[in-house]
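What follows is a set of notes on a single structure, which appears directly below.
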Amino acid sequence: MTKKLTLIFLVIIAVIIWMLLQKNQEKSNPVQIVSQQNQQITETPEQQTKAKIKTLETEVANHMAEDISQPIENTLKELTYMQLYEKSLVAKDCFGFYLLSENNSYGLSDETKKNEIDYIQDYKNKIERNSKGRQNHATEQQIQSYQDHTVQCTDLKTEIESNTESSDREKESFSFAFEQLRLIMTAKEPISDEGKQLKFVLKEAKAFKNTTWELKKLNAGESDLSKQETNLLKQEIQNLNFKLKSSDYFGKEAKLTPEYLALKKEFDDKQAYLDLHLIINQQELIHHKKILINSIAVLESHLKTEYPLVFNEAFNGLNLNLNSSNRLPHFYKLDRITKTALQIPIISQQIFEQSGIKDKNYFNLLLQPSLDLYQCYLGAECTFPNNRRLTYLCYLPKHDFQETTEGLFFEACEMNIEDFYLQNYLTGNQVEDMNVIFNYLVNNYAK
Amino acid sequence: MRNKTTIAVLILFIGCLLASYLPIKSRTHKATNNEHSINQKKTQGPIKNLKSKKLKKKTKALQVPEDIIQELSQQKYSSEPLLEVATVTLLLEDCKKGSSVNLSRQKSSEIFEEMIIKYQNNCQDILNNYPIISNLGSKNESEMMMLKIAMQSDYAEFFEKGMALQFQSDEVTQNFLIDAIKLITRSKSASLIVKIGELPLSLESQPYFNQLFEILGTINPVYTKHILTQASVLLSCQYNKGMTCSPISTYMLKQCFEYEEACGLDVQTWFQTHNTPAHNRDIAKLVDFLESQAQ
């Protein structure tokens, strides 16, 4: 009996010791996050970054090892033009991620640089910082979507790198994957009608942009003064302008003082002298204007298409890819010199004038939804995650949360774009005016 | 682009305004627990009643010069010296902005030139009426002067709290500013109301923006802020003889610069002719909301 009891007692002791040991082990190695946090306290920021890079390298290596069974060599060549185009859109959406990763963190704060490797944490922080009052934390769906996005971007870059011969420096660029894909696309012959139209429009849009740059240079003219004199004058004008702008008008009546007026006169005289010595090649200017007008007509004709993607590229091309709904519509001013002023009416300006809406800011807020819904009308994918706009609205800010509310509407992950715009994003009154723009698009461009 | 001086002046003012409205609780508390101190206040004047030693020290040096008190007694905009000085400071700040618009070489239509001359004449009148305040020159000087006036109010301690919040965007500041909007609308001062849209009311002010979202039926903060700005301009037209809405107001000068057809119009006419009826209905919703906040 005593033996039995001793045995039971020993077993109990052993179990307790075993349980305590387990507990201690857990304590000394309590999931990675805690141990990483402890490490971070003692490590220098440099060591932390190195450690993070090492973790990432391991992850990428593991990821690549998994793919060994599926060689990615030359996979791009086998893709159709449309498949390449789709990939190029993904590459474009990855700009933000590519900027964060690798060594492309120029322009970013030191704080961002430190966190750049922990993409998901970085993302969560951004959502918290930019929550705009409606949500304090990223939703699970937003986090998952962003995580998928980082994997997609990493895979794409790996695929492009293994399919092209480029220098390390080229590979570092955030637009590397996009540019490479567009390069491959120029050599690829599309099979489908949509692909053919798309290729044509992309080529025309590029030519249109180049012509505007050429015109800008021609319109600015060349001075017959020496470069040294021109630079000196420009510097003086800049200094005078600064003085005028910083003069303290109120209280001292500076604007009305002889000193102020003398400054203003000097500024005007110098500017007039510069303008007087500008020589503009009128013949070349006229020639390029003709090319430009032709380009506009060609792109405009492609707005009347049954393919949403073609419409989108033609529209963006005509807008000179001034990819900011906040700044549109406006005339693309080629030069400030009034005597040779040349303005190119971009497409959104034309629609603005036709819409009957007179307030530019108000119109700007309605233009993008109208365009998105028009593309749905043409048959584009309009549900999450297949609709690119919904992905921007839901989780993917286009420019690292700079001046944009995109990526902050978790509701966009859960509905189609029409419901999102009509039920959540636009007021009932805005919908009334948006319909005007939408109807304009249907009446003028739908076949 | 938000102007820092305007914000500074607004926050200074808000601090002052809150000081005279908010601490009702503390007033009651004081009244029940320390009637003696309240009675002291009445007999000894506001500055002597300040509890904080730090503030006492500060305010000793903060005497508002007689000539400024004299200038503020004109009461052109308000019988309350604090409102008068805040209005004048904001008007002068606007005059400076208007002057810089004129410097742009990009646009100088005849009608715009005509409006800017009228605008400048108006500014000149303000300068002539308030020579001492307008001659304070630097931003710091005018802020200091406002500070002095504010420190003579009963609740200088609370005002100091407002001062400490400058340019921060934390929750405390946001809540402070949300209360400030209510108080500004109550002030019935046009040049303050017109600035509601310019307040550094960041979009983190969740409860406030949620209210606006619900009223408008949107979750878009950019549009909401845009409408809030226009609503505050329209609401301001009701006060100070519509000075913030006249054809030579800063708002209309900016519109005239942007749209030639706006030149010579007042805000109400401009909104009626320029905005769509649907757009105006959204503005009206927020005007109603702001008005209800002032009740």
Side-chain angles (χ1 to χ4, degrees), chain A residues 128-136 241 244-256 264 267-268 271 325-326 333 336-338 355-366 369 403-405 408-412 420-421 423-436, chain B residues 91-100 102-103 105-106 108 120 123-124 126-127 130-131 133-138 141-142 174 202-210 213 215-224 226-227 230 258-259 261 271 273-283 285:
Chain A
E128 275 177 41
R129 272 205 308 273
N130 299 276
S131 59
K132 312 284 181 198
R134 295 181 319 106
Q135 63 175 127
N136 297 324
N241 194 31
L244 284 169
K245 283 193 171 169
S246 55
S247 80
D248 200 359
Y249 166 53
F250 79 90
K252 291 176 183 159
E253 300 171 36
K255 197 167 165 45
L256 306 172
K264 184 86 169 69
F267 174 85
D268 289 341
Q271 190 64 56
S325 52
N326 289 331
K333 283 188 179 148
R336 57 172 178 73
I337 302 163
T338 46
S355 70
I357 297 169
K358 294 173 189 167
D359 190 87
K360 291 175 192 174
N361 293 325
Y362 185 73
F363 175 85
N364 287 337
L365 293 166
L366 299 176
E403 302 265 330
T404 174
T405 53
L408 294 167
F409 299 103
F410 60 90
E411 296 89 343
F420 175 73
Y421 278 144
Q423 289 169 23
N424 292 62
Y425 192 76
L426 300 168
T427 70
N429 287 319
Q430 276 183 298
V431 172
E432 191 179 308
D433 286 330
M434 189 210 61
N435 277 335
V436 177
Chain B
L91 285 174
L92 290 170
E93 181 60 30
D94 275 355
C95 283
K96 201 176 179 184
K97 273 193 225 164
S99 154
S100 66
N102 191 32
L103 275 172
R105 293 182 75 244
Q106 287 187 338
S108 53
Q120 282 168 350
C123 287
Q124 194 58 51
I126 302 166
L127 293 172
Y130 295 88
I133 295 174
S134 52
N135 263 313
L136 286 173
S138 76
E141 264 184 282
S142 55
Q174 292 308 317
S202 93
L203 301 163
E204 290 138 30
S205 336
Q206 190 167 343
Y208 191 75
F209 262 84
N210 281 349
F213 288 154
I215 293 165
L216 290 175
T218 179
I219 53 169
N220 185 354
V222 175
Y223 180 67
T224 305
H226 181 64
I227 297 296
Q230 291 180 317
E258 185 91 19
Y259 305 92
E261 61 271 28
F271 278 7
T273 55
H274 181 68
N275 294 343
T276 65
H279 183 180
N280 278 331
R281 284 199 293 275
D282 273 345
I283 298 172
K285 280 183 180 178

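Only heavy atoms go into these numbers, but all of them, side chains included; no hydrogens, no water, no symmetry mates. Protein chains get the first letters and strands the later ones, always in sequence-line order, with residue 1 at the start of each. Note that the structure is a prediction, hence the values are computed from the model and not measured.
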(message) Taking every non-hydrogen pair under 4.5 Å, which of B:His279, B:Glu261, B:Arg281 racks up the most with chain A?
(response) B:His279
(message) Go through it in stages, so that I can follow the logic: the residues are B:Asn280 and B:Phe271, the test is side-chain contact (heavy atoms from CB on, under 4.5 Å), and I'd like the CA-CA distance, side-chain angles, deciding distance and then a yes or no.
(response) CA-CA 7 Å; B:Asn280 278 331; B:Phe271 278 7; 3.9 Å; yes
(request) Please state whether the side chain, the backbone, both or neither of A:Phe420 comes within less than 4.5 Å of a heavy atom of chain B. (result) side chain
(request) Using non-hydrogen atoms and a 4.5 Å limit, figure out which bit of B:Thr273 sits close to chain A: side chain, backbone, both or neither. (result) backbone
(request) Run the numbers on B:Leu92 and B:Leu127 for side-chain contact (heavy atoms from CB on, under 4.5 Å), then give the verdict. (result) CA-CA 8 Å; B:Leu92 290 170; B:Leu127 293 172; 3.6 Å; yes
(message) One pair to check against side-chain contact (heavy atoms from CB on, under 4.5 Å): A:Leu426 and A:Leu366. What are the steps and the verdict?
(response) CA-CA 8 Å; A:Leu426 300 168; A:Leu366 299 176; 4.1 Å; yes
(message) Less than 4.5 Å to any heavy atom of chain A: does that hold for the side chain of B:Asp282, its backbone, both, or neither?
(response) both
(request) Please lay out, stage by stage, how A:Asn361 and A:Leu365 fare under the test side-chain contact (heavy atoms from CB on, under 4.5 Å). (result) CA-CA 7 Å; A:Asn361 293 325; A:Leu365 293 166; 5.7 Å; no
